[in-house]
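Down below is the structure, laid out as structure tokens.
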Amino acid sequence: MREYAPFTARAVHIIRSIPRGKVATYGLVAAVAGSPLAARQVVRVLHALSRKERLPWHRVINSRGSISLPRGAGFERQRTLLRSEGVAVTATGSVDMRRHLWVPRIKVSL
DNA sequence: GCCATGGCTAGTA
DNA sequence: GCCATGGCTAGTA
């Protein structure tokens with residue numbers, strides 16, 4: 001048994017807080033986790049922990065606003081899951097970010 | 001299409 | 001060494 005390294009733990013927590021009907025980008029999750037340039041690590045986390053941690057992995061897409069999985073079973077699964085949550089996804093995997101991008105609530109002290 | 005990015009783990013010593 | 005990125009540019013039409 002091993003506890004996750006800090007970035008990984010934060011990424012898991014953030015991914016868990018993306019609500020139904022919304023999507024985040026790899027880079028956004030990385031930035032909220034404190035490492036704006038670590039988008040690829042978010043990919044790694046998704047890849048390695050989605051199953052074990054039961055993450056809403058389908059709610060994370062790329063910065064161009066589309067599904068990054070190569071066309072195939074995974075791609076279709078992601079599109080189906082998003083649609084089932086009310087997210088409009090085109091046949092090619094594009095999501096209307098104006099409507100569905102998750103904007104995390106931040107706390108600001110003056 | 002290219003390539004810098006980076007946290008982490010498997011696997012070696 | 002992995003990885004489902006991201007951002008910029010050359011090169012086509």
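Quantities reported herein were computed from a predicted structural model and do not represent experimental measurements.
To the nearest 0.5 Å, the span separating OG on A/S66 from CD1 on A/I61 amounts to 6.5 Å. The distance from atom CG of A/L55 to atom CG of A/L46, rounded to the nearest 0.5 Å, is 6.5 Å. In this structure, the separation between CD on A/Q78 and CD1 on A/I67 is 4.5 Å, given to the nearest 0.5 Å.
Residues in residues 4-25 of chain A take part in these side chain to side chain donor-acceptor pair (under 3.5 Å) pairs, two or more places apart or across chains: A/Y4-A/E53, A/R16-A/E53. Here side chain to side chain donor-acceptor pair (under 3.5 Å) pairs that include residues 80-91 of chain A, with residues two or more places apart or in two chains, are A/H58-A/E85, A/R59-A/E85, A/T90-A/T92. Evaluation of the salt bridge (charged side-chain N to carboxylate O under 4.0 Å, His left out) test over residues 62-74 of chain A, restricted to residues two or more places apart or in two chains, returns none.
Where DNA chain C pairs in unbroken runs of 3 or more (Watson-Crick or G-U, both distances under 3.5 Å), the stems are B:1-4 with C:5-8, B:6-8 with C:1-3.
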Query raised in the report: For nucleotides 1-6 of chain C, read 5' to 3', which letter fits each nucleotide if B means a protein heavy atom sits under 4.0 Å from the base, S means only the sugar-phosphate is that close, and - means neither?
Result: -BBBBS

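Scanning for salt bridge (charged side-chain N to carboxylate O under 4.0 Å, His left out) contacts around A/R40 gives an empty result, with sequence neighbours left out.
To the nearest angstrom, C1' of B/dT9 lies 11 Å from CG of A/L49.
Looking only at side-chain heavy atoms (C-beta outward), A/W57 and A/R51 stay at 4.5 Å or farther from each other.
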